[in-house]
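None of these values were measured; they are calculated from a predicted model. The sequence lines fix the lettering, A, B, ..., with proteins before strands; numbering per chain opens at 1.
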Amino acid sequence: MTELPLIGEAVAVAAHPRLAGAKIGVVTFPGTLDDRDAARAVRLAGATPVELWHAGTTLGDVDAVVIPGGFSYGDYLRAGAIARFAPLMSKIIDAANSDAKLPVLGICNGFQILTESHLLPGSMIKNDHLKFMCRDQVLRVENNTTAWTGDYAAGQEITVPLKNQDGQYIADEKTLDALEAEGRVVFRYVGFNPNGSRRDIAGISNAPGNVVGLMPHPEHAVEAGFGPEIGSGTEGLGFFTSVLNKIVGDNK
Amino acid sequence: MPRIVVDVMPKPEILDPQGKAIVGALPRLGFTAFSSVRQGKRFELTVDGEVTEEILAQARNAAETLLSNPVIEDVVNVEVVEA
Amino acid sequence: MPRIVVDVMPKPEILDPQGKAIVGALPRLGFTAFSSVRQGKRFELTVDGEVTEEILAQARNAAETLLSNPVIEDVVNVEVVEA
Amino acid sequence: MTETPAVAAPAETARKFNIDTVENAAKTPDTELPWAELGLKQNEFDEVVKVLGRRPTGAELAMYSVMWSEHCSYKSSKNHLRQFGDKVTEEMKKDMLVGIGENAGVTNLGDGWAVTFKIESHNSPSFVEPYQGAATGIGGIVRDIISMGARPVAVMDPLRFGAIDHPDTARVMHGAVAGIGGYGNSLGLPNIGGEMVFDSVYQGNPLVNALAVGVMRHEDIRLANASGKGNKVVLFGARTGGDGIGGASVLASESFDDTKPSKRPAVQVGDPFAEKVLIECCLELFKGSLVEGIQDLGAAGISCATSELASNGDGGMEVELTSVLLRDPTLTPGEILMSESQERMMAVVTPENIAAFEAVMDKWAVEYSWLGEVTDTGRLIITWEGDVIVDVDPRTVAHDGPVYDRPYARPEWQDSVQADSFTGSVQDTGRPSAPADLAAAITELVASPNMCDKSWITKQYDRYVGGNTAMAFPDDAGVVRVDEETGLGVALATDANGRYTYLDPYHGAQLALAEAYRNVATSGAVPMAVSDCLNFGSPEDPDVMWQLAEAIRGLSDACMVLGIPVTGGNVSLYNQTGTTPIHPSPVVAVLGKFDDVARRTPSGWKEDGLAIYLLGTTAAELDGSEWSNMRGHLGGLPPKVDLEAERELGQILINASRDGMVDSAHDLSEGGLAAALVESSLRYGVGARIALQDVLDRDGVDLFTALFSETQGRAVVAVPRSEEIRFTDMCTARGFAHVRIGVVDAEGGTLEINGVETMSLDALREAHEATLPKYFG
Ligand SMILES: Nc1ncnc2c1ncn2[C@@H]1O[C@H](COP(=O)(O)OP(=O)(O)O)[C@@H](O)[C@H]1O
Ligand SMILES: [Mg+2]
């Protein structure tokens with residue numbers, strides 16, 4: 001028989017009875033592209049995706065938020081620069097910084113929006129080779145204690161798609177040293193640095209670990225046959241199950 | 001109509017991939033006089049009517065908050081140009 | 001070291017999606033004074049030593065051939081800046 | 001909230017023009033008009049005057065001249081294109097929901113789903129300014145798909161450039177690929193395939209074709225017609241600028257004052273962000289059933305949209321042109337009608353839906369303006385501040401353009417070209433036969449410009465966005481899932497071989513169809529529909545016209561045999577430098593259907609021990625092949641076409657996929673068996689041991705021919721041991737030639753072919769992948 005996994009075959013998630021009740025908001029800006037994909041990932045992980053519109057002024061009762069990839073406002077000025085000022089972003093910033101520490105995941109353009117919003121330090125500039133690049137990328141999970149990585153083993157290597165034009169992560173040396181010292185480098189590129197990012201950094205978190213941003217796309221590695229051909233193809237699902245387990249754990 | 005020009009450059013300590021590509025390409029075209037190149041942005045904001053102090057302040061403010069990202073860029077110039 | 005600044009702007013008759021996105025965002029941030037925005041590029045070319053006429057000519061030439069795309073952009077300014 | 005206008009359009013400028021009204025035209029029959037500068041021929045202008053019963057106004061002249069251009073009216077090809085509609089059986093029509101003539105054809109997928117796809121060219125803009133030309137090519141074809149009511153789900157990009165080592169090729173290649181990526185990636189449309197060919201015939205005329213595919217529920221199908229008297233006409237999206245009217249600025253003679261008109265852009269700049277917003281906003285309109293008819297604005301802009309909407313609907317429309325939002329306030333009425341500014345749509349909305357329509361626009365911050373309404377008068381009336389400047393029967397603009405029976409004849413040189421076979425030619429001296437030479441030849445083949453690895457291109461394209469891409473580069477077809485519940489999906493492949501078509505246009509076009517059909521079937525999908533982009537030289541050259549006529553005749557005949565209809569396409573003529581045309585290049589796209597995309601067959605093998613079969617027989621067919629091309633020869637006759645065999649092979653591949661009988665399948669096309677074996681091995685880095693003696697004995701060919709011949713109707717498949725009997729029984733029952741040629745070898749890291757020096761996969765990969773980076777960085 002064919003080795004290609006059939007759809008629906010490979011994704012078996014141990015669903016906690018309370019997981020389906022968990023609501024994860026997915027934000028859409030004009031120019032967002034991966035919102036439907038992020039919603040699918042949330043669904044496959046066992047939770048309920050909630051559409052959030054950039055111009056909205058409330059987060060409702062969501063338990064976590066995903067800011068998906070794309071080219072908000074065309075990324076014409078700087079990636080994420082205009083989206084950062086959306087009304088919903090100030091709600092997200094407040095909720096992320098509040099005592100409740102709302103889990104927030106920024107993927108690709110979402111990561112860029114989080115740095116423009118100063119929820120995460122540093123910034124992204126054009127890839128060192130100046131071209132858009134789409135590839136299956138191996139990452140190492142350097143920190144499995146954040147809200148979005150608890151289901152991974154520390155040091156685990158996962159393959160998820162990467163696709164961007166402005167993906168070169170930069171920050172000054174002091175910031176980089178601090179990120180390293182505090183364990184806030186959450187993901188590192190393995191084998192190949194696709195964009196020239198400082199210290200092979202693929203993703204980082206804020207100090208409490210509820211806000212995580214990364215350039216590669218875990219939401220494109222949640223369904224066998226529709227993601228990377230390296231590995232199981234579903235190695236991104238852990239992001240979404242991690243946050244669910246965290247939510248359920250916190251609510252206990 | 002008068003315009004306000006805002007110039008934004010990558011911070012000197014930040015590697016500028018576009019500038020680097022250009023500095024690599026220049027000698028191949030016979031332009032050998034330049035030891036480094038940096039690429040930034042130039043914005044031209046059109047003002048209907050006169051440029052008041054208040055409007056210039058708005059431009060400076062927009063330059064710092066929206067048109068540049070202080071983590072990686074500096075606003076190097078904000079000036080009025082009559083057209 | 002002296003630098004030569006080259007400013008390149010999209011031709012006025014050409015659509016400038018960047019400028020359009022910015023002009024749409026400005027009023028939402030309370031910057032209401034600007035009726036249009038155009039985004040161009042600013043290059044800073046560093047010269048080791050003195051800027052001779054020949055070097056300035058090189059810069060002008062590079063501006064027209066490499067730094068701008070004459071089909072959609074104009075070189076609006078080439079000038080020497082001492083630093 | 002509406003976006004602040006980038007450029008204010010002061011209403012006062014309106015009166016600056018010396019408006020040429022219909023009344024004025026009737027009074028001043030002898031006014032000189034720049035019809036020749038606008039591209040009309042004397043007889044065409046006379047026809048306009050006859051149709052109108054008076055001289056046209058400046059604005060009318062603008063409309064007729066663009067709508068009667070080759071690009072919009074298909075005046076040279078129409079008589080031939082009819083065959084696509086005529087040579088269709090009832091059986092072929094059964095799944096066709098919308099046929100040729102609309103923005104794009106629509107095919108029924110079942111379960112209430114429908115799919116629409118179309119391929120178009122953006123050749124000359126991509127030569128002038130490769131990035132923007134290619135980008136706006138993607139933008140244009142995607143709007144065609146939206147205007148059918150569909151959500152676009154993928155794009156493809158068949159590309160043809162000049163010689164790989166020509167200095168200008170890098171400019172075009174870099175720009176076009178970055179532009180296709182820059183625009184397509186920003187729309188969130190995965191790129192699922194395309195083509196890449198280098199040939200000096202395309203040096204001054206690169207071909208940048210773009211395909212888009214979209215899906216919809218049956219009830220969402222929208223047509224470009226304006227029905228319902230009193231319904232409102234709205235223009236939305238980007239503002240109108242002077243784009244695409246550069247050459248037509250003679251119309252500025254409309255300008256009243258003697259100040260020179262502003263410059264008109266020489267090229268168009270795309271705004272993918274605006275288009276992405278337009279997609280979402282249109283889908284929201286469709287979901288709420290807020291538009292009665294919709295039309296994208298492409299070539300000929302408002303002229304096209306108003307005249308087509310009106311003539312396909314109740315027949316009449318009234319539009320006030322000063323209501324058009326402008327990016328450039330100096331545009332004259334004629335220029336506004338001709339402008340080809342991107343990212344615009346026109347729709348017809350009932351009065352009850354106006355508020356809801358405006359709410360959707362405001363939500364997405366899309367600018368719009370109400371231009372007028374639908375009437376039942378049979379006239380398209382366009383006013384400028386109330387004065388009538390256009391009063392025409394819209395059919396005469398949109399449908400009754402001139403049609404030419406251009407003279408054509410088989411070129412004098414055709415016989416001598418066909419007589420000049422590669423076999424025995426000077427270029428054929430020293431044909432390799434020793435094991436080491438054959439290995440070197442295979443390595444050279446897979447590193448050659450047309451056969452080398454294409455990931456330099458495809459890396460720049462997002463293949464994942466949407467989460468429904470089941471196959472893309474480097475498999476034979478791109479596959480996207482349509483329905484998550486059932487796995488229903490579509491497969492697409494595009495192909496053309498300019499060299500084959502040059503040698504024999506009738507059969508060359510058929511070979512393009514056969515290859516695309518085969519690629520789709522190889523992936524396991526059932527071929528259903530065809531779209532084509534006919535890239536040719538000047539129709540005024542009888543040689544070229546013959547190539548075009550023959551290609552259309554060949555393609556339409558072949559569609560009949562394969563039982564799949566052409567549902568739409570595009571003709572691009574005048575692709576020539578001086579008097580030298582490109583190779584006739586009919587690019588054919590075939591769309592197929594999967595009941596469940598999980599059944600797709602990839603093009604490479606993975607598992608050790610699988611049996612490898614070659615399906616089909618091999619003849620000595622090297623004329624027009626990649627091998628002869630590498631040796632600098634072009635002559636003889638292209639490979640034979642056997643459409644019945646293609647159909648049979650297709651059935652075998654589809655059944656094998658559906659019943660799980662094969663783990664991989666790869667069709668044989670350019671580069672023959674040698675290319676297929678290397679590609680199947682490199683796909684997952686798993687080699688094979690091959691022995692071709694049975695093929696040589698059965699088909700009476702030598703090893704070189706077995707490896708490099710481009711005989712059609714062949715494929716290699718890898719069959720699990722447990723399925724071998726079932727598979728071979730099926731082939732035998734269908735009487736289809738099949739022979740076991742080897743076995744997958746997951747250990748060796750080599751491709752071993754009896755009689756050929758063993759090749760390491762690493763070395764093959766290095767050769768295969770080095771070519772594009774070597775030339776393009
Ligand atoms: N310009 C392109 N854009 C995207 N994919 C491409 C392009 N050119 C080639 N490809 C992909 O590369 C693979 C090999 O191409 P090709 O050898 O032409 O395929 P085939 O011979 O099966 O028609 C296919 O998956 C094809 O879709
Ligand atoms: Mg193929």
Contact origin within [X] toward chain A - heavy atom pairs under 4.5 Å:
| X | value |
| --- | --- |
| D:Trp456 | side chain |
| D:Arg683 | side chain |
| D:Ala178 | neither |

Chain A contacts, top residue of D:Asn468, D:Leu610, D:Val277, D:Val479 (heavy-atom pairs, under 4.5 Å): D:Asn468

What option among D:Gly466, D:Gly181, D:Ser455, D:Ala718 has the most heavy-atom pairs under 4.5 Å with chain A?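 Option with the top pair count is D:Gly466.
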
D:Thr469 and A:Phe226: which non-hydrogen atoms are nearest, and at how many Å?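 So the minimum-distance heavy-atom pair works out to O-CD2, 3.6 Å.
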
Report yes if some heavy atom in the side chain of A:Lys163 is under 4.5 Å from a heavy atom in the side chain of D:Val465; otherwise report no.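 SC-SC contact between A:Lys163 and D:Val465 confirmed.
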
Does a side-chain heavy-atom distance below 4.5 Å link D:Tyr461 with A:Cys134?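 Side chain of D:Tyr461 against side chain of A:Cys134, heavy atoms only: no contact under 4.5 Å found.
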
Which bit of A:Tyr76 comes within less than 4.5 Å of chain D, counting heavy atoms only: side chain, backbone, both or neither?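 The answer is the side chain of A:Tyr76.
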
Does a salt bridge link D:Glu484 with A:Arg36, judged by any charged N lying under 4.0 Å from a carboxylate O?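 Here D:Glu484 does not pair with A:Arg36 in a salt bridge, since their nearest N and O are not under 4.0 Å apart.
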
Taking NZ, NE, NH1 and NH2 as the nitrogens, is one of them in D:Lys606 or A:Glu229 under 4.0 Å from a carboxylate oxygen of the other?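 Salt bridge flag = no for A:Glu229 with D:Lys606.
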
Got a second to check how far D:Arg463's CZ is from A:Arg135's CZ, nearest 0.5 Å? 12.0 Å

Separation of D:Leu187 CG from A:Leu33 CG (nearest 0.5 Å): 8.0 Å

State whether the side chain of D:Tyr464 and the backbone N or O of A:His217 hold a donor-acceptor pair below 3.5 Å, judged by distance alone. no

If you count every heavy atom of other residues, nucleotides or ligands that lies below 6.0 Å from A:Lys131 atom NZ, does the total exceed 12?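 More than 12 within 6.0 Å, yes.
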
